[in-house]
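One structure below.
Quick caveat, the model's predicted, so the values are computed rather than measured. Just so we're on the same page: letters track the sequence lines, and every chain starts at 1.
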Amino acid sequence: MTSTVTDPVRVRFAPSPTGYLHIGSARTVLFNWLLARKHGGTFILRIEDTDQARHVEDSVQKILDDLRWLGLTWDEGPQVGGDYGPYFQSKRLEIYNRYLQKLLESGHAYYALEMPQQLTALRDAAKAAKQSYKYVRPDPPPTIAEGEAARAAGRPVVVRFKMPAVDITVVDDILGPVTLPADQSEDFVIQKGDGYPTYHFACVVDDELMKITHVLRGQEHLINTTKHVALQRALGFATPHYAHLSVIFNMDGTKMSKRDKEKAAKEGRRPPEIDVHDFRVAGYLPETLVNYIALLGWSPGDDREFFNLDELTGVFGLDRVGKTNARFDREKLLSFNTTWATRLSPDRLLEAFKDFIRVSESPMRGTDDDLLREILRTCAGFRTFRQVEEKVRFLFLADNAIEYDPKAVQKVLAKNNGEGYTALSETLPRLRDLSAWTADAVEKLIHDVCEKKAVQMGAIAQPLRVAITGTTISPSIHDTLALLGRKRTLARVEKCLKGSQSLPHV
RNA sequence: GCCCCCAUCGUCUAGAGGCCUAGGACACCGGCUUUUCACGCCGGCGACAGGGGUUCGAAUCCCCUUGGGGGUACCA
C-alpha cells in the first residue's frame, strides 16, 4: 500500500528514561525526524516514564543532550513545550484515567484481581510443559463495584482490556499487510496495580491526543500493533500509519546491549560503544553517526553514501527503507568518520573536537583554539578524535613525565649498539643552534642531517620521536617538534640521552 | 510450545521479469607512496540459502524447506 500523506505529518519519538540513548533508538529517532522534515511536519518528543521501578534519575537530561548533539531537535516536547503537553506521561495520569473509566463503563475493560505471582506460576507451568499460555478472562469478570472495593481494600488490582476475538490486519508502511490471528492476543493489562497506565494504553491515548499521523518504531513493537488498533477501535480513535524498523545487531549477530560493556569491562577489554554517548566520548563525529545509521536499513537507491542531515532530508523516504535486520559494522563506521573528518570545515571540526574534549574529560581541556586547530591540522587523516588525543598526548605531559615504551626504545634507540642514541646526540647540537624554531626549519634541518650522514629519514626522525614522546606514534616529526617548542624538545632529548648512559646495552 | 517478520558478497546495500558474465561501499588480499601512526592511489578476491513451480525468459512472482530475528509481562 502506498499512503498518500494529506494531513500535516506529526511523528514522535517516545523514549523511556532508563538510561542513555541506544544506537538503535537513535536510528528510530533519525527516521522519525527525517519523515517530519521531509513533509514539513512536526517532530515530537514524548517521555514514556510510566515504569516507576526502572526510572533512572538523570536519564532524560542525557537523552536530550545526545539528541541535540546529533542535531535531531524536536518541535514539541521537554524544554520546548507545545500545544499537546504535558510531554511526560507521568504528568498525564488524569487523562489516562478518564479514558480508562470510559472503557470500564462501556464494558471494554474490567478489573482483574489475580495476584501477579499466581499468573507467573501459570505461565511458568505452561512453558515447562511446552504449552502456550494465555490469560483466561474470568466469567463473569468482576464488576466495577467489586474492582473498586478490592482496590479500596488495598489489593493490587489491575484493569484489563477485553481483546476482541477478531483477526487484525495492519498495513505497515514498510512491511506491507500483516495479519495477527485473534487467538494470539489475550486481555492485556492497561492499568497497573500502582495506578499507572501500561505502555500500550498510554501510547494509544497520547498518539491520538497528540494527533500523531505516523508511528515509526522498532520491530519489537510490531505485534503490539494489534493491541493498539483494538484499543483505538474501542475508544473511537483514528489509526495512524504504522511502520516498523528492523533490528540492529553486533557483527556476531548478538544484540547490541549495555551488557556487552559490562562483560568487556570484566574481561579487561575496552568496552564497545553501544549508546550514542559512548560514540561521542570515543571521538566520533555526529555527522558520521547520523550518516552511518541512516544507511542501516535505508538506501538512496544509487551509489551515493555520504549525506548530512539536510541532504538526507532531501532524499529520505519510507519507500526506501528495507525490511532486513542489519549488523553494526564498526570498521565501516570508522571509515565513515575518517572521511567525515576531512569533509567538514575547519571551524565545524574544531567545534566538534571541543565537544569531544569536554565530554571525554580529555587532558586537552583548557587548550586554546589556535593550538587545537594546529593539532587537528597536523593529525589530518585521523580516524577518531580519541586517536588525535593519543597522538598528541605527549604535548600535555610534563617533560619529566614521559613514559618510554620499552619496545620503542629498544627498536629505535638501543638496537645495533645504540645507533639511535648516537643519531640523537649528533642531531642535538644542530637543534640547539637552529635559528628559527618552525616546522619548516626543523624539516630542513633533519633533511640536511640525513643527507650529511647519508641515511634515511627514519634514522633521524624515529629516534627523535621516541625521545620526545616515548612512543613511535606522533604527527610528522617536524610538526611534533614545532608543536612541542624548542625548550621542551631540547630538555626531553637531553634527558633521554642522559638516561641512556645507565643502560647496560649502550 | 504458539504467533509474526525477514532472507543478494564477511558486513551495509543496489537490483521493483530481459539492461546482471549481479553494481557500489567497508573489510580482506596484493602493489605503490612513506619519518611513525593514519591518510591517499592502483589492482584483486568475493553473493542471488536449498528445492519445486509460473514464464519464451527469474536475484526479481508463487509454494515448500532451511536459516535468522521479533513477540508471547502489572517493561517499554
Need one value for [X]: base, sugar-phosphate or nothing, where a base atom within 4.0 Å counts as base even if backbone is also close, heavy atoms only.
X        : result
A:Arg160 : sugar-phosphate
A:Arg304 : nothing
A:Leu175 : sugar-phosphate
A:Gly218 : nothing
A:Glu114 : base
A:Arg54  : base
A:Gly301 : sugar-phosphate
A:Ala380 : base
A:Asn224 : base
A:Lys391 : base
A:Val158 : base
A:Ser474 : base
A:Thr480 : nothing
A:Pro475 : base

* To do: Identify the 5'-most and 3'-most nucleotides of RNA chain B with at least one atom closer than 4.0 Å to a non-hydrogen atom of chain A.
  =>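 Counting from the 5' end, contacts occupy B:G1 to B:A76.
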
Write down the partner of [N] under the Watson-Crick or G-U wobble criteria, each distance required to be under 3.5 Å.
N     : value
B:G18 : B:C56
B:A47 : none
B:G1  : B:U72
B:C41 : B:G31
B:C26 : B:G10

* Asked: What interatomic distance, in whole Å, is found between P of B:G67 and the corresponding atom of B:G50?
  ->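 These two P atoms come out 15 Å apart once rounded.
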
* **Integer angstrom distance from the P of B:G53 to that of B:A59** =>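 The same atom, P, in both gives a distance of 15 Å.
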
* A:Lys134: partners by salt bridge (Lys or Arg N to Asp or Glu O under 4.0 Å), with sequence neighbours left out ->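 Partners of A:Lys134 by the salt bridge (Lys or Arg N to Asp or Glu O under 4.0 Å) criterion come out as none, since no residue qualifies.
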
* Asked: Mind checking what makes side chain to side chain donor-acceptor pair (under 3.5 Å) contact with A:Ser246, not counting sequence neighbours?
  ->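 Testing A:Ser246 for side chain to side chain donor-acceptor pair (under 3.5 Å), a comparison that skips the adjacent residues, returns none.
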
* Who pairs with A:Asn308 by side chain to side chain donor-acceptor pair (under 3.5 Å), at least two apart in sequence or on another chain? ->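 Checked A:Asn308 against side chain to side chain donor-acceptor pair (under 3.5 Å); zero matches.
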
* For RNA chain B, find the residues of residues 456-465 of chain A with a heavy-atom distance under 4.0 Å and give them by number; none if there aren't any. =>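 Residues of residues 456-465 of chain A that come under 4.0 Å of RNA chain B are, in numerical order, A:Met457, A:Gly458, A:Ala461, A:Gln462, A:Arg465.
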
* Which one of A:Tyr99, A:Phe188, A:Phe201 satisfies the ring pair (Phe, Tyr, Trp, His ring centres under 6.0 Å) criterion with A:Phe161? ->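 One option only clears the test, and that one is A:Phe188.
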
* **First of A:Pro300 and A:Leu119 reached from the 5' end of RNA chain B, by closest nucleotide** =>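 Mapping each residue to its closest nucleotide by heavy atoms, the 5'-most match is A:Pro300.
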
* Asked: Where each residue is assigned the nucleotide of RNA chain B containing its nearest heavy atom, which of A:His478 and A:Met251 is assigned the position nearer the 5′ end?
  ->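 Per heavy-atom nearest nucleotide, the more 5' residue is A:Met251.
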
* To do: Would you verify whether the NZ or CZ of A:Arg160 falls within 45 degrees of the ring axis of A:Tyr111 while also being under 6.0 Å from that six-membered ring's centre?
  =>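 No, A:Arg160 does not sit over the ring of A:Tyr111.
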
* With sequence neighbours excluded, what pairs up with A:Phe279 under the ring pair (Phe, Tyr, Trp, His ring centres under 6.0 Å) test? ->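 Checked A:Phe279 against ring pair (Phe, Tyr, Trp, His ring centres under 6.0 Å); matches are A:Tyr284, A:Phe328.
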
* **Trace of the side-chain contact (heavy atoms from CB on, under 4.5 Å) decision for A:Phe385 with A:Leu376** => CA-CA 9 Å; A:Phe385 285 140; A:Leu376 288 171; 3.9 Å; yes

Between [Y] and [X], do the side chains contain a donor N or O and an acceptor N or O under 3.5 Å apart?
X        : Y        : answer
A:Arg217 : A:Thr225 : yes
A:Ser185 : A:Thr226 : no
A:Asp405 : A:Thr471 : no

* Asked: Got A:Leu333 and A:Thr288 here, is their nearest side-chain heavy-atom distance under 4.5 Å?
  ->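 Answer yes - side chains close enough.
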
